[in-house]
There are 2 protein chains.
Amino acid sequence: MDKLSYTLKDVAERAGVSLTTVSRVINKRGYFSEKTKSRIYATMQQMNYHPNSVARSLSGKKTKLIGVILTNTHNPFNAELLEKIELELFNREYKVIIANSSDNPQKERAYISLLQSNQVDGLITASHNTIIDDYHELTLPVVSLDRYFGPRIPTISSDNFSGGQTAAQILIDGGARRLLVFSGEINDTNPTMDRTNGFIDISKKHNMIPIVQVMPSDATVNFRKMLIRQEILKQKPDGIMATDDTTALLVLEELRIMHLQVPHDVQVIGYDGSDFVLQSFPELSTIVQPISDLAKTLVDTLIKKIEQPDILQERQYTFPITLHRGASTN
Amino acid sequence: MDKLSYTLKDVAERAGVSLTTVSRVINKRGYFSEKTKSRIYATMQQMNYHPNSVARSLSGKKTKLIGVILTNTHNPFNAELLEKIELELFNREYKVIIANSSDNPQKERAYISLLQSNQVDGLITASHNTIIDDYHELTLPVVSLDRYFGPRIPTISSDNFSGGQTAAQILIDGGARRLLVFSGEINDTNPTMDRTNGFIDISKKHNMIPIVQVMPSDATVNFRKMLIRQEILKQKPDGIMATDDTTALLVLEELRIMHLQVPHDVQVIGYDGSDFVLQSFPELSTIVQPISDLAKTLVDTLIKKIEQPDILQERQYTFPITLHRGASTN
DNA sequence: AAAAACAACGAAAGCGCTTACATTTTTTAA
DNA sequence: TTAAAAAATGTAAGCGCTTTCGTTGTTTTT
């Protein structure tokens with residue numbers, strides 16, 4: 001009768017060596033002869049042996065596991081970021097445990113504790129709850145997207161302020177005078193604040209003060225749509241920025257229903273520029289974040305912190321944004 | 001100087017009990033007094049102790065880790081499926097390791113081996129490579145979305161054949177006579193085959209034979225767009241089904257560029273009906289898969305296999321699809 | 001030819017837990 | 001009141017690895 005899974009000892013016995021030797025061969029560490037090496041490989045193959053990385057981690061101290069904390073996975077920006085992070089980590093032989101905070105500080109907290117218990121080697125956080133204290137207590141390597149946690153945790157972001165500025169400039173250059181912003185929750189852990197501030201900055205330079213409507217993060221889609229409709233009716237804007245593309249798409253949708261012409265009656269610009277949105281809705285003008293660069297830098301920085309903890313690194317990486325001009329702006 | 005992380009023993013010493021007692025309290029197993037319980041809790045709190053689940057898994061045999069194998073994470077259907085799977089698993093105190101196969105059998109294979117090494121308690125697979133053998137060798141609990149692996153691995157799916165039928169019926173009822181299908185790769189591990197077959201089935205009953213254009217899974221977006229344009233020019237269809245929404249959106253995009261009116265000149269129907277697409281592009285008619293039901297059933301079935309391996313379960317769960325009627329069909 | 005260095009391997013401790021099996025103390029039953 | 005049952009805690013063996021020391025040959029050096 002086969003065992004469910006074999007151990008080092010089983011392999012060792014079958015190959016007629018000690019388990020130390022097998023371990024050495026597997027880890028390519030220390031001395032062993034070519035002959036025993038191939039014999040051991042053959043035996044492992046034959047037994048379909050898979051080293052137990054739980055045991056390995058327990059003695060070796062590394063799990064090769066990275067926790068990735070996101071707000072959610074359905075937003076295309078997050079989805080693509082996650083995919084690219086996963087790819088980068090896979091290439092470095094790390095695995096990822098996902099943790100959706102669902103905009104719920106409690107859940108984020110629970111996950112931080114869980115991930116710590118699971119001995120992840122590091123953490124990438126791209127959520128935006130205001131629970132910075134929990135991160136400060138962590139002793140393991142962390143890198144953050146957008147959210148600033150103090151000098152010990154590197155922050156990787158794209159230039160949100162400048163993105164907001166660019167968006168405003170585009171709308172104003174296109175002739176907009178009544179500006180409206182649909183923004184995510186505004187607090188200093190949330191990059192949408194910088195975007196909105198950048199937008200306000202340029203608006204003011206043109207003697208305009210945009211109306212800012214915050215979208216509650218726990219709002220349902222229908223509620224969002226209602227808010228959008230209501231605000232458009234009330235403000236009669238001719239230029240709208242949404243601080244993320246999914247909201248921008250909802251805006252376009254509502255404008256269509258209201259029979260307002262884009263960009264003739266109202267210009268619209270979004271934010272994020274995920275590949276999916278760029279490809280499927282090229283009409284939407286949007287501020288494009290360099291998702292691949294962000295993912296790569298998050299991973300590079302984290303892995304360096306893990307594997308070479310003594311090397312000093314930048315505390316902050318800010319990537320420039322780009323603009324995608326679609327037909328939704330002039 | 002603080003240690004980086006405390007162990008059971010540290011807690012035990014500090015609380016003045018044996019480490020067995022602490023273990024019992026943590027696991028709420030066996031006898032212990034209310035008094036020591038609260039003392040131990042207090043100590044743990046105070047030390048910010050997190051049980052090492054690696055050690056726990058090594059002795060306890062369970063990791064509470066589930067591997068989720070997906071093709072990718074950027075497709076909204078996958079992204080939402082993943083999100084819902086994660087939610088269900090979190091509620092049952094399981095964590096998820098994601099594994100993007102990237103349409104690459106080699107990577108999928110590597111991940112299967114990796115996940116096995118990591119002692120995951122079970123596997124959910126929603127990828128569509130034709131590497132069924134690797135799964136057969138697995139001794140751990142597996143459930144599959146769509147792909148059939150034989151009687152030992154439950155298959156959860158929505159009714160792909162019927163979805164294809166419905167799509168055809170809608171187009172034909174709307175007056176379409178020259179039918180075109182943009183399909184994913186066609187092989188028996190891929191649900192798009194059933195969708196296409198359902199479509200063909202109804203078409204034939206109306207004495208039509210649709211043209212089927214396969215989209216290679218490794219094609220770039222530009223190549224896809226080119227294929228779409230080319231095929232539309234060649235076939236001059238008046239009814240198009242795409243076996244996934246992302247392709248359907250590209251079709252809409254190309255039709256717009258070609259100045260063909262939807263649905264007047266060409267009707268279009270997609271497949272998947274993720275919330276994101278339903279909300280942001282309600283114009284697109286599409287076959288809606290019950291993503292939540294699929295996720296919940298995948299998780300329920302898997303967890304039951306893990307925790308109550310002796311209970312017999314259905315080998316197959318098929319959920320009905322629904323139709324979302326947008327403005328892209330008559 | 002002896003000393004030093006290297007190569008190939010093994011024994012055993014230990015990573016931080018769980019758990020079967022004591023052992024001691026308290027409660028309950030008769 | 002005393003034996004039996006229940007409650008509270010402890011001891012120690014492992015879980016499957018890595019790793020530090022050995023030990024024993026085999027080369028190399030001079």
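Labels below follow one simple rule: chain letters A, B, ... track the order of the sequence lines, proteins then strands, and each chain is numbered from 1. As the structure is a computational prediction, the values presented were derived from the model and not from experiment.
The distance from atom CG of A:Leu8 to atom C1' of D:dT18 is 9 Å, rounded to the nearest whole Å. To the nearest angstrom, P of D:dT11 lies 12 Å from NZ of B:Lys9.
The stretch residues 23-33 of chain B touches DNA chain D through B:Arg24, B:Tyr31, B:Phe32, B:Ser33, each having a heavy atom under 4.0 angstrom from the strand. DNA chain D is contacted by A:Tyr49 of residues 41-50 of chain A, taking any non-hydrogen atom closer than 4.0 Å.
Remark: the A:Glu108 side chain and the A:Tyr135 side chain contain an N/O donor-acceptor pair separated by less than 3.5 Å. Checking A:Thr73 against B:Glu83 by side-chain atom types alone, no donor-acceptor pair falls below 3.5 Å. Counting only N and O atoms by type, the side chains of A:His50 and A:Asn48 include a donor and acceptor under 3.5 Å apart. In summary, the side chains of B:Arg56 and A:Asn118 do not present any donor paired with an acceptor at a separation below 3.5 Å, with no hydrogens or angles considered. Of the N and O atoms on the side chains of A:Thr36 and A:Ser33, at least one donor lies less than 3.5 Å from an acceptor on the other residue. Using a 3.5 Å distance cut-off with no hydrogens or angles, the side chains of A:Asp103 and A:Asn72 do not pair a donor with an acceptor.
Across all strands shown, A:Thr36 has heavy atoms under 4.0 Å from sugar-phosphate atoms exclusively, and none from any base. Among the atoms of the strands shown, only primed sugar atoms or phosphate atoms (P, OP1, OP2) are found under 4.0 Å from some heavy atom of B:Val17. Counting non-hydrogen atoms under 4.0 angstrom, A:Ser57 reaches nothing in the nucleic acid.
Residue B:Ser18 has a polar side-chain atom (N or O) positioned under 4.0 Å from OP1 or OP2 of D:dG10.
At its two ends the helix from C:dA1-D:dT30 to C:dA30-D:dT1 runs along axes set 30° apart, each axis drawn from five pairs and the angle rounded to 10°.
Taking the six-membered ring for Trp and thresholds of 30 and 60 degrees, A:Tyr111 and B:Phe90 have ring planes inclined between 30 and 60 degrees apart.
No side-chain heavy atom of B:Val143 sits less than 4.5 Å from a side-chain heavy atom of B:Ile153.
Among the candidates A:Thr155, A:Ile156, A:Ile124, the single residue satisfying the side chain to side chain contact (heavy atoms under 4.5 Å, CB included) test with A:Thr301 is A:Ile156.
With respect to the salt-bridge test (charged N to carboxylate O, under 4.0 angstrom), the residues A:Arg92 and A:Asp300 qualify.
Think of the region where chain A sits on DNA chain C: with heavy atoms and a 4.0 Å cut, that region ends 5' and 3' at C:dC6 to C:dG16.
Both B:Thr21 and B:Ala55 lie close to DNA chain D; mapped to their nearest nucleotides by heavy-atom distance, the more 5′-ward contact belongs to B:Thr21.
Looking at residues two or more places apart in sequence or on another chain, you find no ring pair (Phe, Tyr, Trp, His ring centres under 6.0 Å) involving B:Tyr94. Every residue meeting the side-chain contact (heavy atoms from CB on, under 4.5 Å) condition with B:Ser57, not counting sequence neighbours, appears here in chain and number order: A:Val54, B:Thr63.
Judged by distance alone, the side chain of B:Arg147 and the main-chain N or O of B:Ser127 form a donor-acceptor pair under 3.5 Å.
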